[in-house]
Participant: 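First, the structure itself, so that you have it in front of you.
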Amino acid sequence: MSNETYKTLLDAAVEERAKELSSDPSEAFENLAVTLLMMPYDLSVDEIDAGMTDGAGDGQIDAMFVVVNGTALSGEETDELPEKGPLELDIVLVQSKKSESFAENPLKSIRGTVNDLLDLKQQYPAYLSQYSQLLQDKFQLARKALLASAGRISKIRVRVYYASSGSTANIHSTVHATAAALKNDLAERAATTDVAVEFYGAEQLVAISRLPNTRQKELEVQQSISSDNGDSFACLVTIEALIAFLSDEKGALIRGLFDANVRDFLGKTEVNDAILATLGNLAEEDFWWLNNGITIVASNADQKGKKLVMTEPLLVNGLQTSNVIFTFMSDPAIKPEIKEQRRKNMVLAKIIVPPDEKVRDEIIKATNSQTHIPKPYLRGMDRVHRNIEDHLKASGLFYERRKNQYKNLGKARSSIVTLSELAQAMMAALLFRASDARGRPNSLLKSDSDYQSLFSEGYALDSFTNVILAKREIAKRLASQFPNEGAGFRNNVIFHILAYLSFSGFHTTSHAAAGWANLQLESSEIDRAIGTVVTLFNGVGGTDQVAKSLSFQATVSAAAKEVRDKKAAS
């Protein structure tokens with residue numbers, strides 16, 4: 001099949017993505033390519049959007065991700081690298097252009113960017129004028145993670161993905177030579193040999209897009225008992241079988257299997273040290289005698305002999321056990337004969353197919369009740385979020401109370417509303433705190449008082465619907481009115497525009513919560529708000545720092561109050 005055929009297929013996918021995003025084909029290609037290339041990392045749509053760096057001063061890097069132990073760092077003040085335990089660090093740079101070839105100049109520019117911004121010996125007291133603040137913040141995260149890897153067990157991988165509509169069979173030798181030079185630069189800067197520069201043309205991107213969304217995993221069991229209706233199983237599985245279940249085709253840990261587990265891997269703790277000691281010192285005992293095992297929920301489970309095939313399995317308890325076992329069995333310092341013995345040891349596994357989401361949430365809460373759980377991880381299981389999920393469906397929107405629940409079902413990006421996106425929008429519309437909505441999206445759910453103000457069961461469900469629809473309409477109009485500005489610009493102003501619209505009509509949170517239930521915004525009203533906020537934004541520098549600042553929030557609030565006062569006086 002010729003590259004023209006693959007290009008035609010890719011163009012069709014890009015056209016569909018452009019409709020979803022209300023963007024031009026160039027931005028749609030970039031978004032599609034980044035989404036496809038980051039599939040192995042199982043990132044949410046919010047994490048994908050947060051990684052986009054395209055725009056002025058991007059150093060030819062259209063997206064950048066720093067992923068530590070399966071979590072994409074956002075750069076918020078609450079982001080903390082694990083203080084103890086092993087580090088698995090991935091630094092990913094993406095260059096994507098809707099062109100019919102792979103050029104040398106973008107790779108040359110990335111070389112310059114890397115050498116400017118990934119120098120661990122250099123101090124970076126201030127921003128460099130030639131690069132955007134957003135890009136420099138991403139590199140600051142990368143430097144911080146690399147420095148944290150010193151003196152501890154670490155796996156460091158660096159990848160540069162270059163995507164275009166061209167054919168990888170026709171890449172010029174000078175492009176390959178520049179890619180090799182870039183690879184050497186990255187290996188030196190990041191102090192790792194696990195570096196690659198990979199090219200993805202139309203054929204490769206189409207192939208990735210055809211990968212199934214529904215994940216099936218097979219677990220080999222030694223002994224099992226099941227309920228009469230086959231919706232639950234208690235099994236003994238070997239450590240070898242568990243490792244196979246937890247690994248992808250390259251032998252890496254599948255982080256997505258742990259999305260439902262509300263506790264992150266804690267690294268070096270008393271409990272995990274005890275698990276390691278058990279693995280190292282087992283004599284006559286079997287491992288499952290001394291360990292509580294793991295719990296898995298799945299949308300379906302089918303047992304055939306000693307094979308248990310699960311659809312969309314999620315490990316909801318046993319994260320510490322699974323990670324310690326995986327680390328132990330992949331540690332080159334462990335003697336091969338001990339590993340061989342451990343492969344035959346057993347782990348207790350419970351597999352449950354819940355009848356509905358309510359029961360599934362109860363299982364997650366119950367199996368994670370032994371340890372203090374950070375509040376944001378449990379918020380999505382509250383009844384108010386299940387109510388919002390059901391209500392938004394009437395507007396063709398799918399509310400992701402948990403990570404990637406609708407993305408994995410193949411729902412269109414434009415129809416997915418994440419809990420984080422809704423929290424940001426409600427923070428701007430009800431609390432009028434647009435700077436927090438822009439700068440701390442992952443922190444909004446930690447405060448009990450803020451959370452109750454954002455997601456009270458006393459609010460009309462139409463308030464949530466109208467707020468998110470307004471936010472989406474603002475995004476569409478920004479893309480139409482400012483076609484040369486990237487997604488970063490829209491993200492910087494959108495919550496301030498939403499707050500401006502709300503504060504110009506409402507006085508308090510309760511007033512806004514009630515008012516949004518029936519609020520129908522006119523297009524002209526939205527456009528005036530866009531014009532006012534963008535003018536104010538550009539007038540004070542128009543940077544990421546400005547968008548996150550309390551001073552700009554106060555400026556926008558003052559402008560909105562003037563409008564509200566004029567309405568009251570007329």
Participant: Determine whether R490 and E485 satisfy the following criterion, side chain to side chain contact (heavy atoms under 4.5 Å, CB included), listing intermediate values before the conclusion.
Facilitator: CA-CA 8 Å; R490 294 194 293 275; E485 298 284 0; 5.7 Å; no

Participant: Are the side chain of S299 and the backbone N or O of T311 linked by a donor-acceptor pair below 3.5 Å?
Facilitator: yes

Participant: Does a donor on one side chain and an acceptor on the other come within less than 3.5 Å for T418 and S420?
Facilitator: no

Participant: With rounding to the nearest 0.5 Å, note down the distance linking CZ in F432 to CZ in F495.
Facilitator: 16.0 Å

Participant: With side chain to side chain contact (heavy atoms under 4.5 Å, CB included) as the test, would you mind laying out the steps for V14 and R17 before giving the verdict?
Facilitator: CA-CA 5 Å; V14 170; R17 182 60 61 97; 5.6 Å; no

Participant: If you define the side chain from C-beta out and look only at heavy atoms, does anything of L319 sit under 4.5 Å from S322?
Facilitator: no

Participant: For a quick test of reading the model, state the closest non-hydrogen atom pair linking P313 to M310 and the distance between them.
Facilitator: CD-O, 3.9 Å

Participant: Identify the heavy atoms of H511 and G505 that sit nearest to each other, and give their distance.
Facilitator: CE1-O, 3.7 Å

Participant: Can we say E457 and R383 salt-bridge, meaning some charged N sits less than 4.0 Å from an Asp/Glu carboxylate O?
Facilitator: yes

Participant: Backbone N or O of A63 within a donor-acceptor pair of the T53 side chain at under 3.5 Å?
Facilitator: yes

Participant: For the side chain of S154 and the backbone of S149, is there at least one donor-acceptor N/O pair under 3.5 Å apart?
Facilitator: yes

Participant: Could you tell me if Y127 and D544 have a donor-acceptor pair between their side chains, going purely by distance under 3.5 Å?
Facilitator: no

Participant: Salt bridge between R386 and E389, side-chain N to carboxylate O under 4.0 Å?
Facilitator: no

Participant: How far apart are the C-alpha atoms of F489 and F482, what are their side-chain angles, what is the distance that settles it, and do they pass the ring pair (Phe, Tyr, Trp, His ring centres under 6.0 Å) test?
Facilitator: CA-CA 9 Å; F489 164 78; F482 301 93; 5.3 Å; yes

Participant: How far apart are the closest heavy atoms of D54 and E30, and which atoms are they?
Facilitator: OD2-OE1, 2.7 Å

Participant: Using modelled atom types and a 3.5 Å cut-off, is there a donor and acceptor pairing between side-chain atoms of S504 and backbone atoms of A560?
Facilitator: no

Participant: Evaluate the side chain to side chain contact (heavy atoms under 4.5 Å, CB included) criterion for residues L478 and I494: first the C-alpha distance (whole Å), next the side-chain angles of each, then the deciding distance (0.1 Å), finally the verdict.
Facilitator: CA-CA 8 Å; L478 282 170; I494 191 168; 4.3 Å; yes

Participant: How would you list all residue pairs meeting salt bridge (charged side-chain N to carboxylate O under 4.0 Å, His left out) that involve residues 495-517, not counting sequence neighbours?
Facilitator: none

Participant: Hey, are R472 and E421 close enough for a salt bridge, meaning a charged N less than 4.0 Å from a carboxylate O?
Facilitator: yes

Participant: Of all the heavy-atom pairs spanning I351 and A301, show the shortest one and how long it is.
Facilitator: CG2-CB, 4.3 Å

Participant: Can you tell me how far the CD atom of Q424 sits from the CG atom of L498, to the nearest 0.5 Å?
Facilitator: 10.5 Å

Participant: Nearest 0.5 angstrom please: L93 CG to I61 CD1, how far?
Facilitator: 4.5 Å

Participant: Are any of the side-chain heavy atoms of F506 and L501 separated by less than 4.5 Å?
Facilitator: no

Participant: Hey, is NZ on K567 packed in by over 12 heavy atoms from elsewhere, all under 6.0 Å?
Facilitator: yes

Participant: Check this for me: does any side-chain nitrogen of one of E312 and K217 sit under 4.0 Å from a carboxylate oxygen of the other?
Facilitator: no

Participant: Step through the shown structure and confirm whether more than 12 heavy atoms of other residues, nucleotides or ligands are within 6.0 Å of NZ on K561.
Facilitator: no

Participant: Could you tell me if the side chain of L146 sits less than 4.5 Å from the side chain of L89, heavy atoms only?
Facilitator: yes

Participant: Do R143 and Y124 have side chains that approach each other closer than 4.5 Å (heavy atoms only, starting at C-beta)?
Facilitator: yes

Participant: What I'd like to find out is whether the side chain of V493 reaches to under 4.5 Å of the side chain of I530, using heavy atoms alone.
Facilitator: no

Participant: Determine yes or no for a side-chain-to-main-chain donor-acceptor pair under 3.5 angstrom, with N466 supplying the side chain and A517 the backbone.
Facilitator: yes

Participant: Can you tell me if Q481 and D527 form a side-chain donor-acceptor pair at under 3.5 Å?
Facilitator: yes

Participant: Determine the minimum heavy-atom distance between Q553 and S435, stating which atoms define it.
Facilitator: OE1-OG, 2.6 Å

Participant: Show your reasoning for whether side chain to side chain contact (heavy atoms under 4.5 Å, CB included) applies to I294 and K350.
Facilitator: CA-CA 6 Å; I294 63 175; K350 292 188 295 182; over 6 Å; no

Participant: OH of Y459 to CD1 of I388: how many Å apart, nearest 0.5 Å?
Facilitator: 11.0 Å

Participant: Are any non-hydrogen side-chain atoms of L454 and L431 less than 4.5 angstrom apart?
Facilitator: yes

Participant: If we ignore hydrogens and angles and just use 3.5 Å, is the side chain of N69 paired with the main-chain N or O of E88 as donor and acceptor?
Facilitator: yes

Participant: Main chain of I352, side chain of S232: is a donor-acceptor contact present, judged purely on distance under 3.5 Å?
Facilitator: no

Participant: For F537, check ring-ring contact (aromatic ring centres under 6.0 Å, His included) against everything at least two apart and list the hits.
Facilitator: F552

Participant: Could you tell me whether a side-chain N or O of E400 sits under 3.5 Å from a main-chain N or O of Y406, the two making a donor and an acceptor?
Facilitator: yes

Participant: Is L73 close to V67 at the side-chain level, that is, under 4.5 Å between some pair of heavy atoms?
Facilitator: no

Participant: Give a yes or no on whether the backbone of L397 and the side-chain of S395 come within a donor-acceptor separation of less than 3.5 Å.
Facilitator: no

Participant: Under 3.5 Å, is there a donor-acceptor pair between the D382 and Y451 side chains?
Facilitator: yes

Participant: I need the R528 CZ to T532 OG1 distance, nearest 0.5 Å.
Facilitator: 8.5 Å

Participant: Would you compute the distance between atom CG of D62 and atom CG of N31 and round it to the nearest 0.5 angstrom?
Facilitator: 11.5 Å

Participant: Please report the closest heavy-atom contact between A429 and A512, naming both atoms and the distance.
Facilitator: O-CB, 3.6 Å

Participant: Taking the six-membered ring of F503 as reference, does the cationic atom of R564 (NZ for Lys, CZ for Arg) lie under 6.0 Å from its centre and within 45° of its axis?
Facilitator: yes

Participant: Please check this pair: side chain of Q136 against backbone of L117, looking for a donor-acceptor N/O pair closer than 3.5 Å.
Facilitator: no

Participant: Before you tell me yes or no, could you show the steps for F464 and H391 under ring pair (Phe, Tyr, Trp, His ring centres under 6.0 Å), namely the whole-Å CA-CA distance, both residues' side-chain angles and the distance that decides it to 0.1 Å?
Facilitator: CA-CA 9 Å; F464 299 102; H391 191 71; 8.8 Å; no

Participant: Are more than 12 heavy atoms from other residues, nucleotides or ligands located less than 6.0 Å from atom CD of E525?
Facilitator: yes

Participant: Answer whether the closest heavy-atom distance between the side chains of I474 and R477 falls below 4.5 Å.
Facilitator: no

Participant: Closer than 4.0 angstrom, basic N to acidic O: yes or no for D90 and R159?
Facilitator: no

Participant: Should D49 and R413 count as an ion pair when the cut-off is N to O under 4.0 Å?
Facilitator: yes

